[in-house]
Amino acid sequence: MKFLINPNKFNKFTDIIIKPLYLLSAICLVVGLLFSLYLSPNDYQQGSTVRIMYIHVPSAWLALLIFFIMTIYSIVGLAFKIPFAFIVNTAIAPIGTIFTIICLITGSLWGKPMWGTWWVWDARLTSVAILLLVYLIIVFINYSFTKIELKEKIVAIFIIIGSINLPIIKFSVDWWNTLHQPASISKFSSPSIDIAMLIPLLIMTLSFALIAVLISILRIKYEILSRKDKIS
Amino acid sequence: MNTIQIIFSVFLKEYKINLRNFNNVLTFLFFFFISIFVFVFAIGPNKEILNHTGVGILWALLILSSTLSLKKYYQDDFENGSIIITHMSGLSYELISLIKVFSHFFFIQLPFLISLPIASILINLEIEKISLLLLSFFIGSFILSCLGSISSSMNLLNKNNFSLGSIIVMIFSIPVIIFSVGIVNSEENFLPLLKILTGIAFIFFAITPWVSAFCIKLALANK
């Protein structure tokens, strides 16, 4: 597991896995789209619009997961002085931003036919919008400092303070009465979702995760190269 | 000199600087009142609408005008090197940032507290609610001072994009505005909200010295 904190080992490891990853993510995406668009049943209430879920839910999970990974990397990087952690932070913040934007846009498109409105100031929706703002500020900080050593640590501090939003997003549907429905798949023993819809959802989640890993590997490699270029 | 005397003299220095630049504070207050006028012109002088939205508008404008003072927070001391001099006389950076927070609270936020009753007359707030507004502002402005310390110490070496500091303050002041406006607008029992607001204030009081001192040390190392 040294490749998670060592740039050279990371490069060596990802050189091996990147080609299978391309293939696997393409296959997963095709199979998942096939399942979610044609082979899964319509909802008895929502009809065909339930298929938005297969994009909306995986991107929301990944947005949260990427922020969580960034939080762990910033704590580890500040505590043990590991520069690679800050490289990862810089590289994967825009990916999380894009996933949050996808989640918000698809949710808004889903909300118009179901709730009758594009946007409500509901606890879950508002906290995800705040997550988008936090992501955007992280990206802005990345671009507005000239010194890398200063910038990356400030970004790490900001991520740690901003991670207080994560439990608020997770539990917002339990703490407040919201229009957004509570989690259906939190308990894997008896999920309150039909198995015919669960399988495409899991395949889509897998394919989204693989694509996210792929793009982050490419961005981390680019970041390592550009830092080497700046040093030399 | 022992530590207490040093702390007192640093505080006295802050007081003198703020007294000499008192027109600065007056400008923040002027901004606050001008923006209330702009809001009332935009909404219209309907008394019921003003009563309904007034407290929220006041709080939003208070946060906006407290972001104006961010640029003066650590920047001058950092540029002319007096923060290093203070550190050399035996105060840690954590203590310096704590003194800065309290001096910002006393010399920048308390004038707002004094002027708030006048502002709440402008938006037709009931007399009973003014005391609640003052109480919520007294706790909330301390949180705003802590947030200002964090964000301005983060942006010490940020030459080309300083408005990032105000964005950081505004995004973390979301819970402050929720609970403070909730206190003023609550029908009968405001104690639970007050307890939550006080808790937030204590959280920020606990983390602000460490975060600010870390950022100041980073900025001094990379100057």
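Residue numbers start from 1 in every chain, and the chains themselves are labelled A, B, ... in the order their sequence lines are given, proteins ahead of strands.
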### Message
On a heavy-atom basis, which atom in A:I157 and which in B:C215 lie closest, and how many Å separate them?
### Response
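Distance-wise, the nearest heavy atoms are CD1-SG, 3.7 Å.
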
### Message
To check you understand the geometry: which heavy-atom pair defines the closest contact between B:L157 and A:F145, and what is its length?
### Response
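Taking every non-hydrogen atom into account, C-CE2, 4.0 Å.
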
### Polar side-chain atom of A:K147 near backbone of B:N222 as donor-acceptor pair, under 3.5 Å
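Judged by distance alone, yes, a pair lies under 3.5 Å.
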
Does [atom1] in [X] sit with more than 12 non-hydrogen atoms of other residues, nucleotides or ligands closer than 6.0 Å?
| X | atom1 | answer |
| --- | --- | --- |
| A:K221 | NZ | yes |
| A:F140 | CZ | no |
| B:E126 | CD | yes |
| B:W210 | CH2 | no |
| B:F138 | CZ | no |

If you round to the nearest 0.5 Å, how far is [atom2] of [Y] from [atom1] of [X]?
| X | Y | atom1 | atom2 | answer |
| --- | --- | --- | --- | --- |
| A:I154 | B:N158 | CD1 | CG | 8.0 Å |
| A:I161 | B:M154 | CD1 | CE | 4.5 Å |
| B:F172 | A:I164 | CZ | CD1 | 8.5 Å |

### Query
Of the backbone (N, CA, C, O) and the side chain (C-beta and beyond), which part of B:L164 lies under 4.5 Å from a heavy atom of chain A, both, or neither?
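Only the side chain of B:L164 comes within 4.5 Å of chain A.
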
### Task
Heavy-atom distances under 4.5 Å only: say whether B:I171 touches chain A with side chain, backbone, both or neither.
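B:I171 touches chain A through side-chain heavy atoms alone.
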
### Task
Have a look at A:F158 and tell me which of B:I150, B:I168, B:V211 forms a side chain to side chain contact (heavy atoms under 4.5 Å, CB included) with it.
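So the option named by the test is B:I168.
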
### Message
Under 4.5 Å from any heavy atom of chain B, what part of A:L78 do you find: side chain, backbone, both or neither?
### Response
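Only the side chain of A:L78 comes within 4.5 Å of chain B.
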
